[in-house]
Protein chains: 2
Amino acid sequence: MADKEISKAVIARLPRYYRHLGELMEDGVERISSNELSLRMKVTASQIRQDLNNFGGFGQQGYGYNVKYLYTEIAKILGIDRQHNLVIIGAGNLGQAIANYANFEKRGFLIKGMFDINPRLIGLVVRGIEIRSVDDLEQFVIDNNVQIAALTIPKTKAPEIADRLVRAGIKAIWNFAHTDLTVPDDVVVENVHLSESLMRLSYRVCNMQDQESDKYRQTAKNS
Amino acid sequence: MADKEISKAVIARLPRYYRHLGELMEDGVERISSNELSLRMKVTASQIRQDLNNFGGFGQQGYGYNVKYLYTEIAKILGIDRQHNLVIIGAGNLGQAIANYANFEKRGFLIKGMFDINPRLIGLVVRGIEIRSVDDLEQFVIDNNVQIAALTIPKTKAPEIADRLVRAGIKAIWNFAHTDLTVPDDVVVENVHLSESLMRLSYRVCNMQDQESDKYRQTAKNS
DNA sequence: CACCATTATAACTGGGTGATAAAATAATGT
DNA sequence: ACATTATTTTATCACCCAGTTATAATGGTG
């Protein structure tokens, strides 16, 4: 498993490969060539081969790629073969939406706890997870070996909570708050700015005429 | 307003410029140079200048950029100075989270209706918006001049609903379902695949050692 | 009139695509 | 059943283009 410089562009595409391979497995497909996959995913076969080659030869000439093997290998690369403990901070609709999305647990993301400042929410149980007071946040993170925190709170509170998480030793923040976070460089921040996504959509709607494309197409880009 | 070929990379950055300019306005800042903005946003001044130049000279030599002017110009480019009617399909937590996010309305995104198949939810009112049966979807889209549909439903139902939206004349789909959608090329699809975002985060956590960075940094990339 | 900051231009870097070579499988004939 | 040929498909290389960063030229500011 050569640990040398995989480009961000490649990593960004891996989850989509993973999803399609999962669907192929469900359909009982055992092997697939880069060409078939290319047709299905609407990307060039060249790119598929080059992407996968970054991690060493998963394919075999004259045969193609073994679906199941490739699926588990990508899981390893993405680190979703291990368990990640996470907490959700902000038990509003968005926080609960994440808590309710069962599939995360299948991918090894285990929701250990939820937190909020609203006294009305504290004590409630969502999917078997009790909503706690943010006062207990740091101790909980330490006690439960929590690596990832999903931040689904207003932007005004986000920087302070982020600082507290960092001090408690968090490894990564999944940031849904509409603000940039400043953290030490050994802490990962993955932003999900929905309003920015909607603005990009708005631009594309307003500038439809000059949209590069080729009649019926599948959606590939962006998160 | 030169309508010639703005790259996707530039458009993807505009919302972030917009957000920072909004904050500067709130702080009463009237003008700013590319260098100051570069420090604040942690991107190169070169990039800021080149990005903004795509749309014609917003700045002035020896002075910098007028914050308010730039703010409104970016709004025009993104099309968020106009009103967009939208519907939310899927009134679960995620759908409600979007409905409850008030700021969208400030940006001209007006939620006209919500839809679900669950009879228990139909008839309920969220933020003054009644949840309707998806049976009435097409007619509602036509009657209310709806341009954008947010799809917060399971992936199994998504393709069918997308087809129906397309036939009803929708302009854009904001897709939260974990699947690719196939649509005619005059329909915009903006994907928000949360599970893929979380997998990218997972990769970065597991490969922390070789993370390009420069001690305390702000988060810039990705949606 | 010196300074400052933009604009315009140029150099560079890296991702994406297509082409070629190598390797393994499948098919064919003896 | 085995050897040989044809086909398939990956792996690798080279090129092109877009995006990013750096530099030179221009024009206001104070």
Side-chain angles (χ1 to χ4, degrees), chain A residues 1-2 4-14 16-17 21 24 29-67 69-70 73-74 200 210-214 217 220-223, chain B residues 1-2 4-14 16-17 21 24 29-67 69-70 73-74 200 210 212-214 217 220-222:
Chain A
M1 203 135 299
K4 47 174 166 60
E5 259 346 302
I6 311 299
S7 84
K8 283 209 171 179
V10 175
I11 300 303
R13 281 191 291 270
L14 283 185
R16 187 156 177 266
Y17 290 132
L21 288 165
L24 286 166
V29 177
E30 288 193 350
R31 60 185 245 191
I32 193 163
S33 70
S34 58
N35 250 308
E36 291 173 278
L37 196 55
S38 140
L39 256 67
R40 182 193 171 98
M41 294 185 62
K42 299 282 191 300
V43 293
T44 64
S46 253
Q47 183 166 70
I48 294 174
R49 289 194 291 268
Q50 184 164 300
D51 281 354
L52 298 180
N53 248 60
N54 279 294
F55 308 98
F58 292 157
Q60 206 161 29
Q61 282 114 333
Y63 178 91
Y65 296 89
N66 181 297
V67 173
Y69 175 67
L70 190 51
E73 284 303 311
I74 291 179
R200 283 191 286 273
D210 41 65
Q211 198 87 9
E212 97 296 347
S213 53
D214 30 21
R217 83 205 123 85
K221 273 298 289 183
N222 80 273
S223 82
Chain B
M1 202 138 296
K4 47 172 166 60
E5 261 345 304
I6 310 300
S7 85
K8 283 208 170 179
V10 176
I11 299 302
R13 281 191 292 268
L14 284 185
R16 188 156 176 265
Y17 290 132
L21 288 166
L24 285 167
V29 177
E30 289 194 349
R31 61 185 243 192
I32 193 163
S33 71
S34 58
N35 252 309
E36 290 173 279
L37 196 55
S38 142
L39 257 68
R40 181 192 172 99
M41 295 184 60
K42 298 285 191 298
V43 293
T44 63
S46 252
Q47 184 166 70
I48 293 174
R49 289 196 291 268
Q50 182 160 304
D51 281 354
L52 298 180
N53 249 59
N54 279 295
F55 307 98
F58 291 158
Q60 207 160 30
Q61 281 118 331
Y63 177 92
Y65 297 88
N66 179 299
V67 173
Y69 176 67
L70 191 50
E73 283 303 312
I74 292 179
R200 283 192 286 272
D210 41 65
E212 96 297 345
S213 53
D214 30 19
R217 85 204 121 83
K221 272 296 289 183
N222 80 273

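So you know, we letter chains A, B, ... as the sequences are listed, proteins then strands, and number each from 1. Source: prediction; values computed, not measured.
Contact between the side-chain N/O atoms of A:Ser34 and the OP1/OP2 oxygens of D:dT9 is not found at any separation under 4.0 Å. Close to D:dT10, at under 4.0 Å from its OP1 or OP2, lies no side-chain N or O of A:Asn53. A:Asn35 has no side-chain polar atom (N or O) that falls below the 4.0 Å cut-off from OP1 or OP2 of D:dT8. Within the structure, every side-chain polar atom (N or O) of B:Ser7 is placed at least 4.0 Å from both OP1 and OP2 of D:dA18.
When the nearest nucleotides of DNA chain D are assigned to B:Asp51 and B:Arg31 by heavy-atom distance, the more 5′-ward of the two goes with B:Asp51. In terms of position along DNA chain C, the nucleotide closest to B:Arg49 lies nearer the 5' end than the nucleotide closest to the other residue of the pair A:Ser46 and B:Arg49. Both B:Glu36 and B:Gln50 lie close to DNA chain C; mapped to their nearest nucleotides by heavy-atom distance, the more 5′-ward contact belongs to B:Glu36.
Comparing atom distances between the B:Ser33 side chain and each of C:dT17, C:dA8, C:dA5 picks out C:dA5 as nearest. Checking C:dT6, D:dT20, D:dA11 against the side-chain heavy atoms of B:Tyr65 singles out C:dT6 as nearest.
If you take CD of A:Glu73 and P of D:dT10, they are 17 Å apart, rounded to a whole angstrom. For the pair A:Lys8 NZ and D:dT20 C1', the computed distance is 15 Å after rounding to whole Å. Between the P atom of C:dA8 and the CZ atom of B:Phe58 lies a distance of 13 Å, rounded to the nearest Å. Nucleotide C:dT13 holds its P atom 17 Å from the CD atom of B:Gln47, rounded to whole Å. For the pair A:Leu39 CG and D:dT9 P, the interatomic distance rounds to 12 Å; values are reported in whole Å. Protein atom CZ of B:Phe55 is 13 Å distant from nucleotide atom P of C:dT7, rounded to whole Å. Rounded to whole Å, the distance from CD1 on B:Ile6 to P on D:dA18 is 14 Å. Regarding B:Leu52, its CG atom lies at a distance of 13 Å from the P atom of D:dT20, rounded to whole Å.
Checked by distance alone, B:Gln61 brings a side-chain donor or acceptor within 3.5 Å of a matching partner on the base of D:dT26.
At least one side-chain heavy atom of A:Ile6 sits under 4.5 Å from a side-chain heavy atom of A:Phe55. At a threshold of 4.5 Å between non-hydrogen side-chain atoms, the residues A:Arg31 and A:Tyr69 do not count as touching.
No donor-acceptor distance shorter than 3.5 angstrom exists from the side chain of A:Arg13 to the backbone of A:Gln47, with no hydrogens or angles considered.
In this structure, B:Ile74 CD1 and B:Leu14 CG are separated by 5.5 Å, a value rounded to the nearest 0.5 Å.
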Inset, instruction - Could you walk me through whether A:Val29 and A:Glu36 pass side-chain contact (heavy atoms from CB on, under 4.5 Å), step by step? - result: CA-CA 12 Å; A:Val29 177; A:Glu36 291 173 278; over 6 Å; no

